[in-house]
Structure formats: structure tokens, C-alpha cells
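So the structure is just underneath, and the comments pick up after that.
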4 protein chains.
Amino acid sequence: MRADARRNRELIVTTAADLFVERGPEVSMEEIARAAGVGVGTLYRHFPDRRALVEAISVDALQRLLDYGRAVSEQDVSGWEALRLIVRRCTELPLALATSVTGGSALPGRAELPGLVQAVNAELEWAAARAQREGTLRRDIPAREVIALISVAVCRPGARIDDPLVRVVFDGLRATGA
Amino acid sequence: MRADARRNRELIVTTAADLFVERGPEVSMEEIARAAGVGVGTLYRHFPDRRALVEAISVDALQRLLDYGRAVSEQDVSGWEALRLIVRRCTELPLALATSVTGGSALPGRAELPGLVQAVNAELEWAAARAQREGTLRRDIPAREVIALISVAVCRPGARIDDPLVRVVFDGLRATGA
Amino acid sequence: MRADARRNRELIVTTAADLFVERGPEVSMEEIARAAGVGVGTLYRHFPDRRALVEAISVDALQRLLDYGRAVSEQDVSGWEALRLIVRRCTELPLALATSVTGGSALPGRAELPGLVQAVNAELEWAAARAQREGTLRRDIPAREVIALISVAVCRPGARIDDPLVRVVFDGLRATGA
Amino acid sequence: MRADARRNRELIVTTAADLFVERGPEVSMEEIARAAGVGVGTLYRHFPDRRALVEAISVDALQRLLDYGRAVSEQDVSGWEALRLIVRRCTELPLALATSVTGGSALPGRAELPGLVQAVNAELEWAAARAQREGTLRRDIPAREVIALISVAVCRPGARIDDPLVRVVFDGLRATGA
DNA sequence: CATGAATGAGTCTTCATTCAT
DNA sequence: CATGAATGAAGACTCATTCAT
């Protein structure tokens, strides 16, 4: 893929993500193209249809999250702190969108999405398991459920790391002895 | 209002609420009408446009919730229990929808909505305040914030009273001494 | 026909005529009914469909014009003056409407309209012919054409007897010697 | 603007004008598109809504009239003859439509219409003033009113240069000495 | 017999997608 | 290869007309 084509692709994905966040899920393809400074034709050259674009946004966001998560894991931070860091990053990415897409059925032949979701979850579960071993995270909820829970709390449009909801969720997850 | 008209109106509101919950916010008016067994014209006679219909659904749900909340308050239950009961009822009503509407600007001249939201909130705050006095609910979060928090947790599409999220929220709200 | 029914009918016809003049030809049947203070059902009881109503307005207006024209003819006024009087009356009646209807095809089985148009024309032609004999109206245009001309000048929406157009038409029709 | 787009635009404007003249102001957009041999989408790409289309027709007609009027003025014809020529051209253009539009309020930001009307009127007034100086047009009516008058006579649906109405108007405007 | 609720065909308009330039 | 014009299916909404109350 040529350098300019790659740049266009990037540009479209990030522009579209921003537009979806700012103006809801009904932005038109035309508008996305205009905001990205390209013609619709170009948009469709990169993404055969709307779903492909939305999926690309998700893949992009999940990829960034995964990169970040792995970087964090290589750092020397506690499991609990890792969870918090990753969750903060979640709120900075268009993951509400990603989630709504994940909820739907993935396009056949485009299997990146489930794999990425899997990988991100693995990263989070590992952090959660560590935190449980460290005694900071409740042990009566399986790590898998902890993650599901955090996902719900964080993958809402407009979620922020210091939302009352997110704060209380972390309080609720804190091991009672801690 | 004639008896058959009232019946149709009810029918439309409940059918539409169900459809919105099942199939998302983009169901077409035509489809709603068909599901309710009436013509589009009838739909539009009762609700001048889509927004009016959605608003009516919210008003209806909030009204039911308020009725229930007041009935609960007259019962001899603890504040904590009242909270749980009201919250359970929330999950049975299309309040995710209601909330998304409340977020938008109310239609001019149709001031029921803010009033209802107010009234429901008052009911919930009263239960929360009682629970704080009873020593079962954390006192370091103002009752008002507790409600905001619960609203966020409960007014998601598909929320259930025994969701992990809702369970953890309640755990997080429990007074540490309790 | 009962007295109240006749009164309703009258009411509807005049109300509708006013509305058509004020707000153009697209007023809805519902609105006409509301303005007349009756239900749509009543409106439809009197007029099987929209065309019938519009036709009734025309018949009504032409009938009034004919009555007036005959009254004028029985008076002792000159042909020229008669023309002016009748024309003034035209501008007070919703004849622009009437004309647009006449232009269309009359409803089968409702032959009043052509007859009335005929009768009114006859009255006008007679006045014109008298004016020609009196030497006040140009003789080089057949009376029939004079009438056609006046009709065009007068049966416009918003026509008034002292419009520049109408004034010049009368000037142009004046016998040069007069 | 691409060549094919311009061609389509032209095609739509003229087709629509014809249809409006032939079948009245209620022709559907669908029908206009079909008659022009394009899809509705194309129609709407060129004209964001019905009003814009009607306005474009008017602008188009007035522009042609203005071009013609200026060409006539550069010819060596008398004021009276210029008036007649311009008026004949009026009857060949969909100016009845144009006029009905002019009557309504112009779209904000689309100020061509008032300007064009102004320009055409200026052209006509200049011809009228010349005719008055030449002694062929009555001097007791201000040129401006003469134009208003001619406009009324000519901007009717179906007006023709040799209508009795138009003929008599010109007769009525002729200076009595001429 | 009046009323106004119900009906549904028809209108305007939008937008994902295709295709000529 | 980018562009943006063309397409038409689909949705929101209106209104003449019918029919239950």
C-alpha cells in the first residue's frame, strides 16, 4: 500500500471516529468523506461499505488499546494499577463505538475483531488475576466477570475514568480487607 | 377521548417501547404502526412526529415508575430495600429510552417530562437518604450523587437487577460498616 | 333539506371560499371543517369530495353574480355603467377560484356550472351590446370578445376594480369618440 | 461544474418549467425527475428542495428575458416596439411561474431573484420612458405603473402576445394623439 | 345525523452505494 | 487512482376519504 493511500486510510478512520463520537451514529458517509477531505469514492475505495468502516474504527481502537495494555504489562506496576491504567485508556478511545459493533455480528472474512477483543480481554484478565493474587481485588468474582463488568462501566458513550459510576465500580471491586 | 382511541394510544406506546428495546432506535414508524396493528395515519394522529412518540414512551414509563415508587414508599420497607425495589422496576421499564430522551431537550409546551424526572428523583433520593440514616448506605456520597450513579448503571439498554454491574454498584454503595 | 343542514352547508361554502382566497388552493379538508366549526364527516356529508366543494363555491359565487347582474339590468343604468357594476361585483366574489374550476372539466351529472357561466356571460354580453349601441364601448371588438377580455382581467386572484390593469382595460375599451 | 452535470441541470430546469406550465404547480418531484430522464436523487443534488427548483426556473427565465431585453435595447428600435418585443418574449417564457415565486419571499442567501427582477424592470421602464418621449405611450401614467400593468397582463398562465387582453392593454396605453 | 378516529396511498427528502469523468 | 455525479430504495410525514362511535 502506497504511503499516501495509507495516510488517507488513517485519516478517514480517525476522522470518522471523531465524527461518530461527536454527532452520533447517523453521520452520513458523504459527511465523513468531506470531513476527511476526500471524495466519497475514495472512502469507498478503502472501505467497501459502512460496516467495514465502523469495523475498521473498532479494530483501530482495539489495536491501540492492546498495544498500550502490553506496554503497561511490561512496566513494573501492580495488577490493580494496570487495570486502572488500561481502563483510563479505554475512555480515551472510541470504544463505545467499538463495543456496539462487537455486539453485532462481525463481517464474515474479517476475523480480526474477535481476535483483538480476545487479546484485549486476555490482557485485562491477566491484570485482574494479578490484582486478585495481590489481594487488592475481590476474589469472589471470577476475573472474567470482573472484566465484563468493567467493560459495561467503561464502554458507555461519554464514560470517563473519574465518573461516579466508574469510581464506585472500582470501590465495589476492591477487596474488603484492602 | 373516545374509548377506542385511548386503547389505540396505549397499544401504540407499549408496542413502540417493545420494538425500540428489541430492535434499537431506528425502527421505522411504518413498522411500529404495523406491529401495533394500526395504520401510520393513526400513529401520526396520536403523535405528531417521532419525537413525540418517544417522549410519550418516556412519560409513560416514568409515570409507572413513579406510581410504583410511591406505592413502595407507603410500604414498611427499609430505605435500602426501597432502593432495590425501585431499581428492579427500572430495569423492567424502557427507561434507557426514557433517559436518552431526557438527555435531549424536551419539546416546548410538553413539560411533563422534566416534572416526572424530578418526581422520580425525589422519590429515589428520599429512599437513599433513609438508607443513609439507617446506616446501610455510604454517607460520603451525597444522596443526589448516589441517584445519578444508579441511573447510569440502570438506564443502559438491557440492564438487569442482577447484572454484575448493578450488583457491584450496590456493593460499592454499601456502608463499609454494614 | 332541514334549516340547520342548509345553514351548515352555507357556512361551509363561504368559509371554504374565504380560506381558499386567503391561503391558496391547498387548504386541507380538515382545516376547512375546523374553520367552519364542523367535523370532517359533516363536510363530507354535504360534499362527496373536494372537487364537489370547490364546484359548490363556484356555483354559489356565480349564482350571486347572476342575481346581482339581473338586478342591475332591471335598474335604469347605461350599458357601460352596468358593465362596471357587474365587474366590481366580480372582484368581490371568489371568482378567480370559480374560473380555475370552470377551466377544468365539470363533474359529470353536475351541469349547473356551464349553465351559470352561460347565463352570466349572457348578462354581460347584453350590457356590452347596449354600451356599444350607446356609443361608449368600442364597436370593433365583438361583445363576446369584450367579455372574454374582461373575464381575464377580473378573474385573477386579488383583482380589484381600481387595479391599474382593470382601469386600462376599461380605457382601452372606451369608444375613441366618447 | 462538470459538463454532464451542467447539462442535467439545464435539462431539469427546462423540463420542470414545461411540466409546471402544462400541469399546474402540483407536479411531483418524482414526475419531474422521470420526465427529465434522471433519478430523484439527481434532482435533489441540483436543487435541495422544491422551492429551490422553482426559484431556479424563475432565475433562468428572468435571465433569458434580461439577455433578450438588452439585445433589443442595443438594436435601433423605437421604445414602443421594444416594449412589444420584450412582452412577446415574456409570453414565451414561464414567467407566470416566476412571478408567483417573486411574490413569495426569496430564499435567504439566494439574492439573485430580486436583482434580476429589478434589472428586467429597469430595462422595461427605460423602453417605456423612451416610448413616452417618442409620443407613442400615454404620459399620464408613470412608466413604473405602466410596467406593473404590463406585468399583470402578461404574467398570467397562458398569456399570449395577441390575447385580446394584451391587445387592449396596449391600445389603452397608446397615447391618444398617436 | 354529527363527530372525529382510522386508513393508506402518495409526497418530499435522505443517503448508502455505484459509476462516469 | 480520486472525484463527485447519479441512482433508487426507504423513511418521515400529509391528507383525502371512509367508517365506527
Side-chain angles (χ1 to χ4, degrees), chain A residues 1-2 4-5 8 26-34 36-53, chain B residues 1-9 11-12 26-34 36-53, chain C residues 1-2 4-5 8 26-34 36-53, chain D residues 1-9 11-12 26-34 36-53:
Chain A
M1 188 180 248
R2 259 163 46 182
D4 58 341
N8 259 350
E26 315 212 358
V27 207
S28 78
M29 296 298 266
E30 188 92 27
E31 200 165 2
I32 293 171
R34 192 166 40 247
V38 302
V40 254
T42 305
L43 198 161
Y44 274 91
R45 164 168 304 274
H46 286 289
F47 308 99
D49 60 18
R50 169 179 265 263
R51 264 184 93 178
L53 170 61
Chain B
M1 193 179 222
R2 253 161 58 179
D4 56 342
R6 174 179 308 283
R7 225 175 308 125
N8 262 343
R9 201 198 129 97
L11 188 57
I12 290 171
E26 315 212 359
V27 208
S28 81
M29 296 296 267
E30 187 90 28
E31 199 165 2
I32 293 172
R34 189 164 44 245
V38 301
V40 254
T42 304
L43 185 51
Y44 277 94
R45 165 173 289 271
H46 286 289
F47 309 99
D49 58 18
R50 172 177 265 264
R51 256 184 102 175
L53 171 60
Chain C
M1 187 181 249
R2 260 163 48 184
D4 58 343
N8 259 349
E26 316 213 358
V27 208
S28 77
M29 297 297 267
E30 189 92 29
E31 199 165 1
I32 293 171
R34 191 165 42 245
V38 301
V40 253
T42 305
L43 196 161
Y44 275 90
R45 165 167 303 276
H46 286 290
F47 308 98
D49 60 17
R50 169 178 264 261
R51 263 185 93 177
L53 170 61
Chain D
M1 193 179 225
R2 252 160 57 179
D4 56 343
R6 175 179 308 283
R7 224 174 309 123
N8 262 343
R9 200 198 130 98
L11 188 57
I12 290 171
E26 315 212 359
V27 208
S28 81
M29 295 297 266
E30 188 92 25
E31 200 166 0
I32 293 172
R34 190 165 41 246
V38 302
V40 252
T42 304
L43 185 52
Y44 276 93
R45 165 173 287 269
H46 286 289
F47 309 100
D49 60 17
R50 172 177 266 267
R51 253 184 105 176
L53 171 60

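So you know, we letter chains A, B, ... as the sequences are listed, proteins then strands, and number each from 1.
- The distance from atom CD of A:Glu26 to atom C1' of E:dT14 is 11 Å, rounded to the nearest whole Å.
- Which of F:dG11, E:dC15, E:dA6 sits closest to the side chain of A:Ser28 comes down to E:dC15.
- Distance B:Arg34 CZ to F:dA10 P: 12 Å, rounded to the nearest Å.
- The nearest whole Å value for the distance from the CD1 atom in D:Ile32 to the P atom in E:dT13 is 11 Å.
- The OG1 atom of D:Thr42 sits 13.5 Å away from atom CZ of D:Arg9, with the distance rounded to the nearest 0.5 Å.
- For C:Glu30 and D:Asp4, each mapped to the nucleotide of DNA chain F holding its nearest heavy atom, the one lying further toward the 5' end belongs to D:Asp4.
- You'll find that the side chain of B:Arg50 is closest to F:dC13, out of F:dA5, F:dC13, E:dT17.
- For the salt bridge (Lys or Arg N to Asp or Glu O under 4.0 Å) criterion with B:Asp4, the lone passing option out of B:Arg7, B:Arg6, B:Arg2 is B:Arg2.
- Nearest-nucleotide mapping onto DNA chain E: of D:Val40 and B:Arg45, the residue sitting toward the 5' end is B:Arg45.
- Residues that satisfy the side chain to side chain contact (heavy atoms under 4.5 Å, CB included) test with D:Arg45, not counting sequence neighbours, are A:Glu30.
- Distance CZ (C:Phe47) to P (F:dC15): 21 Å, rounded to an integer number of Å.
- If B:Arg2 and C:Tyr44 are placed on DNA chain F by their nearest nucleotide, the residue sitting closer to the 5' end is C:Tyr44.
- Scanning both residues, B:Ile12 and B:Phe47, for their nearest heavy atoms gives CG2-CE1, 3.7 Å.
- Within the 4.5 Å cutoff, the side chain of C:His46 has no heavy atoms near those of the C:Val38 side chain.
- In this structure, D:His46 places its NE2 atom 11 Å from C1' of F:dG4, rounding to the nearest Å.
- Per the geometry, CG belonging to C:Leu43 stands 17 Å off P belonging to E:dC1, to the nearest Å.
- Going from atom CZ of A:Arg51 over to atom C1' of E:dC15 covers 18 Å, rounded to whole Å.
- You'll find that the side chain of A:Asp49 is closest to E:dT17, out of F:dA6, F:dT7, E:dT17.
- For the pair B:Thr42 and E:dA5, the criterion of a side-chain N or O lying under 4.0 Å from OP1 or OP2 is not met.
- Atom CD1 in D:Ile12 sits roughly 10 Å away from atom C1' in F:dA6 (whole-Å rounding).
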(message) What does the 5'-to-3' dot-bracket notation of DNA chain E look like when only Watson-Crick and G-U wobble pairs under 3.5 Å count, and pairs to other strands show as |?
(response) .||||||||||||||||||||

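- With distances taken from any side-chain atom of C:Asn8 to the nucleotides E:dA16, E:dA2, F:dT3, the minimum falls on E:dA2.
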